[in-house]
Amino acid sequence: MEKYNPQEIEKKWQKYWADYPELFEADEKPEKAKFYCLDMFPYPSGDGLHVGHVEGYTASDIYSRYQRMNGKNILHPIGWDAFGLPAENFAIKSGVQPAESTQKNIKTFTEQIKSLGLSYDWSREIDTSSPEYYKWTQWFFLFLHENGLAYRKYAKVNWCESCKTVLANEQVEDGVCERCKNEVIQKDMEQWFFKITDFAEDLIKDLDKLDWPESTKTAQKNWIGKSEGAVIKFKVQSEKLKVVGDYFLETFTTRLDTIYGCTYCVVAPEHKVLEETRNEIENIEEIDKYINQAKKKTDLQRTDLQKEKTGVEIKGMKAVNPFTKEEVPIFVADYVLSTYGTGAVMAVPAHDERDFEFAKKYNLPIKNVILPKKLLEIPRNMEDIAAGAKTELRVESECFTCDGELINSGKYSNLASEKAREEMAKWLEKNNLGGKKITYKLRDWLISRQRYWGAPIPVIYCKNCSTLELSSRVVPIPENDLPVLLPEVKDYRPKGTSPLETNPSFVNVKCPKCGGSAKRETDTMDTFVCSSWYFFRFADPGNKKEFAAKEKIKKWLPVDLYIGGKEHTVLHLLYSRFFTKALHKFGYIDFDEPFTKLRHQGIVLAEDGRKMSKSLGNVINPDEIVEKYGADVLRLYEMFMGPLEDSKAWNTKSIIGLKRFLERVWRLKSQIPADAKALAGKQNPKLNSFLHKTIKKVTEDIENLRFNTAISAMMMLVNEMEKENNIPITNYQLLITILAPFAPHIAEEIWSSLGHKNSVFLEKWPEHDIELIKDEEITIIVQINGKMRDQLKLAAGAGEEDVKKMALESGKVKKYVEGKNIRKIIFVKDRLINFVI
RNA sequence: GCCGAUGUGGUGAAACUGGCAAACACGCACGACUCAAAAUCGUGUGCCGCAAGGUUUGUGGGUUCGACUCCCACCAUCGGCACCA
């Protein structure tokens, strides 16, 4: 028999699959149940495929191949998330056009993916940088704009000085740019936003109905950051005039119950009160100086927790606490964020750490109004109580932020925090001084980018059609004129404004509304816009009239299983959910969540346990592994490493075990007797039973994406088969069938060598035979006080009395039981008997 | 600080609903084949002990006849969020 030669047979079968693409193409016929199994499509970088890609793609490939054999109608597509910064940066460095380098990278990725034997439906391949695709990205922009979900706003935005572009909040990590790790500063600019905040509540609420990892759901919840509190209106009183009309300062709090402890208010440096009451402010110069200093700081500097808090009192006015009618000073301080809540807070130093810190520094009064539960529980002697211990607890050196019982709070005293919040909110509402309010941390999605390699934003600005209002100056490109093609430019270098500006024939256009001369928007869209809807396009990739036909969406969507990295927890996954919810709201689709079930593949670390990186020189190139061991071995190795979702370190030494496994499978063929037909059937009950148990185990494990244990079950079967001199061909064929999704090339090769004309993937997935897996003889564990002391081999189904009798006859058991009183016997049928003495 | 996850041999790990801890592999040791080596096959391999036996799932406690699994407290590592009022 010839040796197992993966390099040879893998090429052969890859060619075969390419010649018969219908094997893995999605079937449009309606009879079968559909299954949409999707990988997060890759960004085709110049570095090629990473072993991390291989892990996720192999998992989804096994699952798809299995479901296909199981009779499901599979949609398992692949495409390219091709727009984006790196291609442009590469262009700047090398002088190669981004379009050109991207196509080259796509070619490399395609070859690599094919060399892994992944069963994609290549007829549905998409490329987000192709006009056929981004036409519809632009259509989505217009759709959102038309429905009031895309708007232009002059605002403080994140700006990366190195990438020379604005960024979304989600793309700023710890104050630095997610891409280049340079510091992000804040700039005031007019930009395009998508109104994702409109869906904040649904984006939180609907997480409950998704089969997603808990950690991902919580991460999204944290990001959206819902908090339930109240708005309180403080009347602002000028000391000079004694009235500022009916001017109110709105503050947001989650601790309304502490309102009686409010000793001052704080506004953010950007707060409008500073503009609107400018004339009343006595120390306006000092205030202006502080504001200017604050504006110079980046968010990173302003949110530095280590740093001491700073602020300036606004002299000349006071805020009136609506509950106590007390007048309290107002401060401006940059520890209050302008973008959250109302940009102003009531300060309760006794029950908020930040206010406490600030109050200590500026010597402001600290008034305790909550008796924490934990202090209530401390027993006190009668003397203390007589001396009024409760009120003695106004500890001025400590700050209690937990809930408790109200004190010094007028008619609300003695109420529990929770109850007090309810009552106080009611009072505010009744008196029109505020009331309950929910706020979210989520901000609208800034989608403009001052960069070249992206989909142009499809709008025109027309002076003729202009009014003073910004939004009406915008003239959307009519749908019929899409796509707005990305023009060629000579210089891509980011310079702070879009490189598209340098192409006059692109910029200067006729207004589609009035025909007058107008200017085109030159910014491009964030690449995450392209990837927020790609899973719809796979349902109908060639459609020229719609982003996807309604009936095709109905047929394939939503995605049944989505596999990809954790890094997209709050970016791609949140944006895609937003797009889906917008489509749903405006009647395009009848579901409101895109990905029913989501799983992440863990990070594949380098052998040293660190992250793989070019600079550390510890990157494993999958091509080299394929060349040395074969794609089947690489696939098996990555699946065998451990649970899919765990991060795990690469270990080249261990690969050999999977190679050995496949070689043994290969060699087993020689143990099939020449006269195979005579042996066919169920003439080896022991092996048959083992085989059917393995089928059951492998099936269950694939269903639960536990590929590591599925492989070990097959290894055990092979170990068992090796002991047999004559392996029935039917048994061997079943082994090959269940191995096929994992190691498709070797499976096809062996399958055809057994005389089959058709691909093994046209076989039906085997079902285990319940009769065959029933054990006739079983092992019962004999325990004494819960410790295993002996084992009994018995026929299945033995009763307690028989087992007890047998167990007590055993010498090992006698030793422990003799002369002792058996107090209790625990008997679990077919499992164990435990004597308690 | 808040939220989430993880912690088991020399290594990757398994034990799914509380019932034989360490399956399956890697590595290692010894043996067979060989002039020799590789490959392959066989045996052994948590720790202590010559053995009988004892002991072991991050630590400490609890529930239970019985705990890797459930509960409480703590420690460590990783990930997300974080001056969000």
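Each chain gets a letter, A, B and so on, in the order its sequence line appears, and its residues count up from 1.
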Side chain of A/K309, base of B/C83: donor and acceptor closer than 3.5 Å? yes
Within the pair A/K653 and B/C26, is there a side-chain N or O less than 4.0 Å away from OP1 or OP2? no
Check whether the side chains of A/H271 and A/S338 place a donor and an acceptor atom closer than 3.5 Å, and report yes or no. no
Write down the protein N/O and nucleotide N/O pairs, taken from nucleotides 39-43 of chain B, whose separation is under 3.5 Å; answer none if there are no such pairs.
from	atom 1	to	atom 2	distance (Å)
B/U40	OP1	A/R660	NE	3.4

Could you run down nucleotides 68-81 of chain B 5' to 3' and tag each one B, S or - for protein heavy-atom contact under 4.0 Å? ------------BS
Under 6.0 Å between ring centres, would you say that holds for A/Y440 and A/W223? no
Atom C1', compared across B/A5 and B/A23: separation rounded to whole Å: 25 Å
Heavy-atom check, side chain of A/D334 versus side chain of A/T310, under 4.5 Å: yes
With respect to the phosphate group of B/A25, does any side-chain polar atom (N or O) of A/N719 fall under 4.0 Å of OP1 or OP2? yes
Ignoring the backbone of A/F640, work out which of B/C26, B/A25, B/C83 is nearest its side chain. B/A25
Test of understanding: with side chain to side chain contact (heavy atoms under 4.5 Å, CB included), list the residues that count as partners of A/E313, not counting sequence neighbours. A/K315, A/K318, A/P329, A/F331
Grab the stems for RNA chain B, please: at least three consecutive Watson-Crick or wobble pairs, both distances below 3.5 Å, written as range with range. B:1-7 with B:75-81, B:10-12 with B:24-26, B:27-32 with B:40-45, B:46-48 with B:53-55, B:58-62 with B:70-74
Look at the side chain of A/F252 and decide which nucleotide, out of B/A85, B/A15, B/G4, has an atom nearest to it. B/A85
Going by the rule ring-ring contact (aromatic ring centres under 6.0 Å, His included), which residues pair with A/F690 if we only count those two or more places apart in sequence or in a different chain? none
Sequence-distant partners of A/T699, side chain to side chain contact (heavy atoms under 4.5 Å, CB included), two or more places apart: A/Y66, A/I695, A/W765
Protein-nucleotide distance (A/W650, atom CH2; B/A25, atom P), rounded to Å: 19 Å
Can you check each nucleotide of nucleotides 16-22 of chain B against protein heavy atoms at under 4.0 Å and return B for base, S for sugar-phosphate only, - for none, in 5' to 3' order? B--BB--
Phosphate OP1/OP2 of B/A85: any A/Y335 side-chain N/O under 4.0 Å: no
Are A/F358 and A/Y264 close enough that their ring centers fall under 6.0 Å? yes
Partner set under ring-ring contact (aromatic ring centres under 6.0 Å, His included) for A/Y4, not counting sequence neighbours: A/W666
Could you tell me how far apart A/M715 (CE) and B/A13 (C1') are, to the nearest whole angstrom? 12 Å
Kindly write out the residues that satisfy side-chain hydrogen bond (donor to acceptor under 3.5 Å, both in side chains) with A/E722, not counting sequence neighbours, or none if the list is empty. A/R664
Residues that A/Y575 engages under ring-ring contact (aromatic ring centres under 6.0 Å, His included), provided they are two or more places apart: A/W445, A/F528
If the condition is ring-ring contact (aromatic ring centres under 6.0 Å, His included), which residues does A/F595 pass it with, not counting sequence neighbours? A/F535, A/Y562
Enumerate the protein-to-nucleotides 52-54 of chain B contacts in which both atoms are nitrogen or oxygen and the separation is below 3.5 Å.
from	atom 1	to	atom 2	distance (Å)
B/G53	OP1	A/K815	NZ	3.3

For A/V266, answer base if it contacts any base atom (sugar-phosphate contacts may also be present), sugar-phosphate if it contacts only those atoms, and nothing otherwise; contact means non-hydrogen atoms under 4.0 Å. nothing
